[in-house]
S.K.: 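To start, I am sharing the structure in question, which I have written as structure tokens.
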Amino acid sequence: MNVADKKRLLREMLFARRFEERCYEAYVERKIGGFLHLYPGQEACCHGVLEAARPGQDYVITGYRDHVHAIKCGADPKEVMAELYAKETGSSKGRGGSMHIFAADHHFMGGYALVGGPFPLAAGMAKAIKMKGGEEIAICFLGDAANNQGTFHESLNMAKLWDLPVLYVCENNLYGIGTRIDRSTAVIDQYKRVSGYNIPSAQEDGQDIEKVFKAAKKAVDHVRSGKGPYFLELMTYRYRGHSMSDSNAYRSKKEERMWSERDPIILLRDRLIKAGEITKDDYKAMDTEILDTIENDVIAFAESSPEPRVEELEKYVLAENDPWVYGGGR
Amino acid sequence: MAEIMYWEAIRRAHDEEMERDPLVICMGEDIGVAGGTYKATKGLYEKYGAERVIDTPISENGYTGVGIGASFLGVRPIIEIMSVNFAWLAMDQLFNSAAKVRYMSGGQVTAPLVVRSAGGTAHQLGAQHSARMEKVFMGIAGLRVVTPSNPRQAYGLLKSAVRCNDPVYINEHELMYNMKGEVPDGEYFHPLEGSEVTREGSDVTLFGYNISVHWCLQAAETLAKEHGINAEVVDLYALAPLDRAGIAATVRKTHRAVIVEEAEPAVGVGAEVMAIINEACFFELDAAPVRVSAANVPVPYNHKLEKAAIPNAADVVAAVRRMFGK
């Protein structure tokens, strides 16, 4: 990772942070409805892993905390915000919402809201890639709590059994909604749990993007070289509650402070400042530019976009004019 | 036109579609090396290999999800779930992922896969291997549900389902795999919507689907011979969407309706068809529509109790006679 990459990643992570914070404001203003799961604190996981992969080519899938992954894959932030605003110009045309961001053109295959639901879908995409002989891999990002679903075990078993090109990334933020991992999970280290399926795995600090990148490079290379699945656990922390409806009362201030001192953006920023690659003023200017872009570009687009038409309520339920529905004759 | 068995018809559809398109695969428990519990994939493993004829672990929700994920990228999986009871375990992936993904992605991602599963009550298989779940599947937006009553439909529905861009659930029947029937020698694509008038009649319409079509046909013969009642039999091979126009057309003709279902009555095919009749042609009715359904019990093991729980042709005849006051 060279200096230019680091600077770009600092900007991308800061953009992600500011984007999510602006979502929070819009939610409080009731511009965004439904559930909203925000990503601040975990930015180095998504950015570090996908930096080591081929975003836009590799097929990426995740849970409901999905805005940032979509954007890193190449989704237009304007369209992601418009989706949150439930607009026709949104990435899912206002039909999906925060938990169901899709950008199939960029191979971001969606956010899913059943915990653990994407595990087998990722294995299936990997099966398709393998059948077609492509160089892509499938990457599935999920949280630690998803590993207590049956789909985790079923999917890991099949992924190894058939040596599918799939990378499972576990963003371990220590909480399944409001239940701390040691109160829900018999084995705390998630990377150990996959050894029963003979899948290579590793655990890494998820707050330091350089460490994430390095660990992810190894993981991605393993999968892309045809050696089968890999499981990467990244230790991280979300600053906000599970969703906007979560009071976040179950965590101590001391714990929150400890993690905020290892903020992924601040870590990278200070490293670049210390190395003399950027100044504090550079960072401030970058932040101002990002905030302006989000306000004048992203929010303005979402605000001014039209809502879906009620006349099109039933569009996208089934394929339109599929000849095989009529026996191929029409 | 050759007479072949229901399982042979399904096997032939698999074979033709797999031969045509290398992205058509099939998956399920024991379908490969073992040739399939119902022989529906017999010989395909030898012909197409392990990459395309996939013996899965016993992980219904997991492998259904794998099929769905593969379908996102253009693979056309045909998944066999050995029994509808086991398909319950796959409902999460089928309902939450396959049926909703087109809508919640605004049309960007689709799940064109086929799930076939054997339902119904066979012989003393007990409560957890005798299931009539079509009522659940047909209530899910984004999922097509069809149910073949004969080898021609079994062949033609699968052929169309594989090519259709929607997820299609095919409800087969434990007792029907050895049923013989005529199937066109050339390729045949059965529509995934609509209904078929299997027997023309004028006095009452007997609605059936899958195995209950045969009870209706038997009952219609008895009614004609012994009671002078000329029944029309309509085969509802498509359960989702149901054929509103077809249902209304036959009721306008006969003015009476009996719906025959192998399942318990609550929230079922009968209830849904009655609702359609109410909405579409209530004033055409000469009598209140009637359901002939299973008893509301888990299917018993004891043979006598099992028989008593499931309707048959005699029950249909009795219901029609009551309707006519005979």
Side-chain angles (χ1 to χ4, degrees), chain A residues 59 61 83 88 90-97 99-105 109-114 117-132 134 138 150-151 153-155 157-159 161-162 164 308 314-320 322-329, chain B residues 22-23 25 27 50-52 54 56-75 77 89 92-93 96-97 99-110 112 141-144 156 159-167 187-194 241:
Chain A
Y59 289 88
I61 192 165
E83 184 61 30
E88 179 70 22
S91 44
S92 297
K93 299 195 163 58
R95 271 75 166 176
M99 301 190 286
H100 307 305
I101 304 294
F102 285 79
D105 287 349
M109 303 306 280
Y112 297 78
L114 273 288
F119 282 125
L121 300 175
M125 294 195 298
K127 169 69 185 168
I129 292 166
K130 197 174 177 184
M131 278 185 71
K132 293 171 162 185
T151 49
H153 300 277
E154 296 183 11
S155 304
N157 179 49
M158 288 182 279
L161 182 66
W162 300 325
L164 301 176
E314 294 180 13
K315 202 176 174 182
Y316 309 120
V317 176
L318 294 167
E320 276 175 52
D322 189 321
W324 303 107
V325 168
Y326 313 104
Chain B
L23 289 179
I25 63 172
M27 318 171 53
E51 285 294 314
R52 293 181 63 201
I54 303 166
T56 65
I58 301 177
S59 309
E60 286 83 6
N61 199 40
Y63 67 69
T64 300
V66 169
I68 294 166
S71 78
F72 290 175
L73 270 57
V75 171
L89 291 161
D92 163 44
Q93 284 296 335
N96 278 314
S97 301
K100 295 176 185 172
V101 73
R102 177 188 290 273
Y103 199 83
M104 69 188 195
S105 70
Q108 290 180 70
V109 178
T110 59
L143 187 67
R144 292 187 175 278
K159 291 277 289 183
S160 298
V162 172
R163 301 194 189 195
C164 173
N165 286 317
D166 297 318
E187 277 196 309
Y188 165 67
F189 298 91
H190 199 286
L192 299 172
E193 292 184 4

S.K.: Show the nearest heavy-atom pair for residues A:Ala126 and A:Leu164, with the distance to one decimal.
M.R.: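 Looking at all heavy atoms of both residues, the closest pair is CB-CB, 3.8 Å.
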S.K.: Measuring from atom CD of A:Glu88 to atom CD of A:Glu83, what distance do you get when rounded to the nearest 0.5 angstrom?
M.R.: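 It is 9.5 Å, given to the nearest 0.5 Å.
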S.K.: Less than 4.5 Å to any heavy atom of chain A: does that hold for the side chain of B:Asn61, its backbone, both, or neither?
M.R.: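 Contact with chain A involves both backbone and side-chain atoms of B:Asn61.
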S.K.: Look up atom CG in A:Asp322 and atom CG in B:Leu192, then write down how far apart they are to the nearest 0.5 Å.
M.R.: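 If we round to the nearest 0.5 Å, A:Asp322:CG and B:Leu192:CG are 8.0 Å apart.
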S.K.: So which residue, A:Leu121, A:Ile129, A:Asp105, ends up with the most heavy-atom pairs under 4.5 Å with chain B?
M.R.: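 Option with the top pair count is A:Leu121.
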S.K.: Hey, which of B:Ala50, B:Gly142, B:Ser71 has the most heavy atom pairs under 4.5 Å with chain A?
M.R.: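 Between B:Ala50, B:Gly142, B:Ser71, the count favours B:Gly142.
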S.K.: Can you tell me which portion of B:Pro77 sits under 4.5 Å from chain A's heavy atoms? Options are side chain, backbone, both or neither.
M.R.: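 Neither part.
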S.K.: Please state whether the side chain, the backbone, both or neither of B:Thr56 comes within less than 4.5 Å of a heavy atom of chain A.
M.R.: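 B:Thr56 touches chain A through backbone and side-chain heavy atoms alike.
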S.K.: Given the rule in the side chain to side chain contact (heavy atoms under 4.5 Å, CB included) test, do B:Asn96 and A:Leu114 qualify, once you have shown the distances and angles that lead to the verdict?
M.R.: CA-CA 8 Å; B:Asn96 278 314; A:Leu114 273 288; 3.5 Å; yes
S.K.: Let me confirm one number: the NZ-CD1 distance from A:Lys127 to B:Ile54, rounded to the nearest 0.5 Å.
M.R.: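 If we round to the nearest 0.5 Å, A:Lys127:NZ and B:Ile54:CD1 are 4.0 Å apart.
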S.K.: Find the one option among B:Glu193, B:Glu51, B:Arg144, B:Arg52 whose heavy-atom pairs under 4.5 Å with chain A are most numerous.
M.R.: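 Max contact count across the listed options: B:Arg144.
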S.K.: Check whether A:Lys315 gets within reach of chain B through its side chain, its backbone, both or neither, counting any heavy atom under 4.5 Å.
M.R.: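 The answer is the backbone of A:Lys315.
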S.K.: Taking atom CZ of B:Phe189 and atom SG of B:Cys164, what is their separation to the nearest 0.5 Å?
M.R.: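 Here the rounded value is 12.5 Å.
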S.K.: Quick one, B:Leu73 and A:Met131 - any side-chain contact, counting heavy atoms below 4.5 Å?
M.R.: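 Answer no - side chains too far apart.
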S.K.: Specify the closest pair of heavy atoms between B:Asp166 and A:Ala319, including all atoms of both residues, with the distance to one decimal.
M.R.: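 In this case the closest contact between B:Asp166 and A:Ala319 is OD1-N, 2.7 Å.
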S.K.: Checking A:Phe119 against chain B: side chain, backbone, both or neither under 4.5 Å from a heavy atom?
M.R.: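 Contact with chain B: none, neither part.
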S.K.: Can you tell me which portion of A:Leu318 sits under 4.5 Å from chain B's heavy atoms? Options are side chain, backbone, both or neither.
M.R.: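 For A:Leu318, heavy atoms of backbone and side chain both lie under 4.5 Å from chain B.
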S.K.: Please verify the inter-ring angle class for B:Phe72 with A:Tyr112; under 30° counts as parallel, over 60° as perpendicular, anything in between as tilted.
M.R.: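 Because their plane-to-plane angle is under 30°, the rings of B:Phe72 and A:Tyr112 count as parallel.
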S.K.: How far does NE2 of B:His190 sit from NZ of B:Lys159, to the nearest 0.5 angstrom?
M.R.: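 Those atoms lie 14.5 Å apart.
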S.K.: With a 4.5 angstrom heavy-atom cut-off, could you sort out which part of B:Asp92 is near chain A: side chain, backbone, both or neither?
M.R.: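 Interface part for B:Asp92: side chain.
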S.K.: Can you tell which of A:Glu320, A:Met109, A:Lys93, A:Met158 has the highest number of heavy-atom pairs within less than 4.5 Å of chain B?
M.R.: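 The option with the most such pairs is A:Met158.
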S.K.: Out of curiosity, B:Leu23 CG to A:Lys132 NZ, how far, rounded to the nearest 0.5 Å?
M.R.: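 Interatomic distance, B:Leu23 CG to A:Lys132 NZ, rounded to 0.5 Å: 6.0 Å.
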S.K.: So which part of A:Met125 gets closer than 4.5 Å to some heavy atom of chain B, the side chain, the backbone, both or neither?
M.R.: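 The answer is both parts of A:Met125.
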S.K.: Can you tell which of B:Pro112, B:Gly194, B:Ser105 has the highest number of heavy-atom pairs within less than 4.5 Å of chain A?
M.R.: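 Maximum pair count with chain A is reached by B:Ser105.
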S.K.: Please determine, among A:Ala103, A:Gly94, A:Pro308, the option with the most heavy-atom pairs under 4.5 Å with chain B.
M.R.: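 Top count of heavy-atom pairs under 4.5 Å with chain B: A:Ala103.
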S.K.: Checking heavy atoms, do the side chain of B:Gln108, its backbone, both or neither come under 4.5 Å from chain A?
M.R.: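 Contact with chain A is through both the backbone and side chain of B:Gln108.
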S.K.: Counting heavy-atom pairs under 4.5 Å with chain A, which one of B:Ser97, B:Ser160, B:Gly65 comes out on top?
M.R.: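 When all of B:Ser97, B:Ser160, B:Gly65 are compared, B:Gly65 has the most.
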S.K.: Between B:Tyr63 and chain A, with a heavy-atom cut-off of 4.5 Å, which part of the residue counts as in contact: side chain, backbone, both or neither?
M.R.: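 Both backbone and side chain.
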S.K.: Need one label for B:Val75: side chain, backbone, both or neither, based on atoms under 4.5 Å from any heavy atom in chain A.
M.R.: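 For B:Val75, the side chain is the part near chain A, not the backbone.
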